Amino acid sequence: MTSPPLQPPFPRMSTAPLFDTPVSALRRALDTKEVSSVELATLFLDRIETLDPALNAFITVDRERTLAEARAADERIAQNHIGPLTGIPLAHKDVFCTEGMLTTCASRMLSNFVSPYDAHVVALLKKAGAVSLGKTNMDEFAMGSSSETSHYGPVRNPWETGHVPGGSSGGSAAAVAARLAPIATGTDTGGSVRQPASFCGVTGIKPTYGLVSRYGLIAYASSLDQGGAFGASAEDCALLLAAMTGFDARDSTSLERAPEDYAAALAAPPADAGKPLAGLVIGLPREFFGDGMSVDIRTAVDAALAQYRALGASTRDIDLPNAKLAIPAYYVIAMAEASSNLSRFDGVRYGHRAADYTDLADMYRKSRGEGFGAEVQRRILVGAYVLSHGYYDAYYLQAQKLRRLIAGDFRRAFGGCDLIAGPTSPVTAWALGAMSGDPVQMYLADIYTTPVNLAGLPGLSHPCGFDGGGLPIGLQLIGDYFSETKLLAAAHRFQQATDWHLRRPALAA
Ligand code: GLN
């Protein structure tokens, strides 16, 4: 009897072009000298040059600097000094400070800011050997869900360039979706990794609050901000996230924990190959499956859950009764913190300064008025209002109480399930400009992602289908604190059995 032919472990390698190859396969190709880091970097730089004018996913690309990093990586590979990402190209959201390079946060305020130091995440990824392709476009100061508020113009969705890529890390998500970079960093304060991942048909993970250092990450709402990872697959996210995490004494909320090798955990064979997720209990919050979700999303999410069951997981209904209050709680807290964090931009030491002013107060007023866009100004005003004497108790304190209730809901829920699943967003990518006149409407679209940040939990979004217009749909998985391995492994098993994550937009051919 002959045994069936062995499946290649990475089906994309044999059939797909180099720009659409998993990071682990790129790693092997670099190690065996099939390809050099300079060749890889050139391939992606050329793709950025050709395709990015239609997407506007990048704010800064410096070919010479990237190629110098790639040459250094090739030397290290030649000497066998190989880190997990040595020679692998990636892109950084322009919210992370990069030494000697423009870091704008997509704001006019920082359009001339060259950081004198690297963010901890950037330094860790340099140490891991990654080669930076550049800085990606985003919502100004990471405030938004569409990447339209950038001083550098909106990012466009690679699946349909008349639509938004989601936000605020829309540039990173679009770059990975169009395969302008194999992996990219992002940040997630209320959904800014998961929601653009879902809108662009890629995988994105936001880890437990405190796992990724916020040092050098330009602050929006410090109690919610967390660095995260984008990749075509959960496996690629695992490799990137592992290299981004690590204790940092310069961030007082950084957690001291032993590093985890997420990718190795994913590679471990399951006890039952036919039912790799046997024993996994997935909770389905009733509140995430109610009204307001489009039929296409409902259908895709239901099919994904059926797939999880086919892989051995079981599902059960759960309740998160306070999750519906996440939007007001989140937007009060986020704006309050933003109003405080953004007070540092005064035009004195760095950033935009108005050309003409009469006195110091006038300089502050004009510099901030010119430097910040409308959405940022709105949030500073609302934030200052909810923190002001007389309104603090009515709004800010109430929001903090809701935050506690929401975290309590999750704590109870995880008493009866391992992971929680639902749609990442109630809608797919909307047309550019469709929500711009109605900020509250846009805030409401964050209903499934913001509770996770309020509780400080890890969350992941992976592709699970398309709507009638051909726009991607994402499934969100939420884990208990420090369950990144469990989240990534579940998504990985799903992706081993399905091909949603292998589809790429026609533009990225
Ligand atoms: N859309 C949310 C907001 O505008 C989340 C943004 C984020 O996660 N950075 O605040």
Side-chain angles (χ1 to χ4, degrees), residues 139-145 168 187-192 194-195 206 208-211 214 217-226 251-255 285 287-288 292 318-346 368 372 374-415 420 438-459 478 480-481:
D139 277 302
E140 186 180 6
F141 283 103
M143 298 175 187
S145 313
S168 63
T187 56
D188 192 313
T189 304
S192 280
R194 292 158 289 153
Q195 186 256 21
K206 171 207 110 67
T208 305
Y209 182 80
L211 225 49
R214 289 179 295 105
L217 185 176
I218 295 172
Y220 161 19
S222 308
S223 77
L224 299 156
D225 294 342
Q226 187 60 197
D251 171 0
S252 62
T253 57
S254 175
L255 297 165
E287 297 77 8
F288 285 15
I318 59 162
D319 289 298
L320 297 173
N322 296 293
K324 59 179 179 297
L325 301 170
I327 294 291
Y330 167 82
Y331 276 96
V332 166
I333 292 169
M335 292 187 193
E337 293 186 22
S339 75
S340 165
N341 273 326
L342 270 63
S343 63
R344 75 190 62 173
F345 301 107
D346 55 8
R368 287 168 67 82
F372 293 137
E375 182 62 24
V376 172
Q377 294 194 26
R378 173 170 21 247
R379 294 187 185 207
I380 292 172
L381 286 173
V382 175
Y385 178 84
V386 300
L387 287 175
S388 62
H389 183 70
Y391 295 105
Y392 181 94
D393 288 358
Y395 297 111
Y396 185 71
L397 210 60
Q398 289 300 105
Q400 293 291 10
K401 289 178 183 169
L402 290 181
R403 182 176 194 170
R404 176 61 68 92
L405 289 174
I406 290 165
D409 280 1
F410 281 112
R411 198 182 53 246
R412 270 185 297 280
F414 283 121
I420 292 172
D438 191 350
V440 174
Q441 203 54 35
M442 194 174 324
Y443 301 164
L444 290 172
D446 296 336
I447 181 68
Y448 304 134
T449 49
T450 48
V452 180
N453 302 74
L454 288 168
L457 293 166
I478 304 165
D480 206 349
Y481 301 105

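Side chains included, hydrogens not; waters and symmetry mates left out as well; all remaining heavy atoms used. Quick caveat, the model's predicted, so the values are computed rather than measured.
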Distance in Å, M143 CE paired with Y331 OH, rounded so as to fall on 0.5 Å steps: 10.5 Å
Do Q398 and V332 have side-chain heavy atoms sitting under 4.5 Å apart? no
Heavy atoms of D409 and A323 approach each other most closely as OD2-N, 3.9 Å
Non-hydrogen side-chain atoms of I380 and F345 separated by less than 4.5 Å: no
According to the interplanar angle, ranging from 0 to 90°, do the rings of F372 and F141 count as parallel (below 30°), tilted (30 to 60°) or perpendicular (above 60°)? perpendicular
Approximate separation, where rounding is to 0.5 Å, of T189 OG1 and Y209 OH: 10.0 Å
Can you see whether E337 engages S223 through a side-chain donor-acceptor pair at a distance of less than 3.5 angstrom? yes
For the side chain of D139 and the backbone of A142, is there at least one donor-acceptor N/O pair under 3.5 Å apart? no
Distance col, row R344:CZ vs L342:CG, nearest 0.5 angstrom, shows 7.5 Å
Could you tell me the separation between the CG atom of L454 and the CD1 atom of I333, rounded to the nearest 0.5 Å? 5.5 Å
Does the side chain of R403 reach to within under 4.5 Å of the side chain of L224, using non-hydrogen atoms? yes
Closest approach of S343 to S340 (non-hydrogen atoms, all atoms of both residues): OG-O, 2.7 Å
Rounded to the nearest 0.5 angstrom, the OG-OH distance for S192 and Y220 is 7.5 Å
If the condition is side-chain contact (heavy atoms from CB on, under 4.5 Å), which residues does Q441 pass it with, not counting sequence neighbours? M435, D438, L444
With ring centroids as reference points, do Y330 and Y443 lie under 6.0 angstrom apart? no
Determine whether a donor-acceptor pair (N or O, by modelled atom type, separation under 3.5 Å) exists between the side chain of Q226 and the backbone of K206. no
Without swapping roles, check the side chain of N453 against the backbone of D188 for a donor-acceptor pair under 3.5 Å. yes
When you measure from the side chain of R194 to the backbone N and O of T449, does any donor-acceptor pair fall under 3.5 Å? yes
Which pair of non-hydrogen atoms, one from E287 and one from I318, has the smallest distance, and what is that distance? OE1-O, 4.1 Å
Heavy atoms only: give me the nearest P451-I447 pair and the separation to one decimal. CD-O, 3.2 Å
If the test is side-chain contact (heavy atoms from CB on, under 4.5 Å), which one of D225, I218, L217 qualifies with T187? L217
Hey, is OH on Y396 packed in by over 12 heavy atoms from elsewhere, all under 6.0 Å? yes
Which heavy-atom pair separates A413 from L320 by the least distance, and what is that distance? CB-CD2, 4.0 Å
Return each pair, listed once, that meets salt bridge (Lys or Arg N to Asp or Glu O under 4.0 Å) where at least one residue sits in residues 377-392; pairs must be two or more places apart or across chains. E375-R378, E375-R379
Answer whether the closest heavy-atom distance between the side chains of Y481 and L457 falls below 4.5 Å. yes
Mind checking the CG-CZ spacing from D251 to R214? Nearest 0.5 Å is all I need. 4.5 Å
F410 and F414 aromatic ring geometry - parallel, tilted or perpendicular at 30°/60° bounds: parallel
Where do S222 and N341 come nearest, in terms of heavy atoms and distance? OG-ND2, 3.0 Å
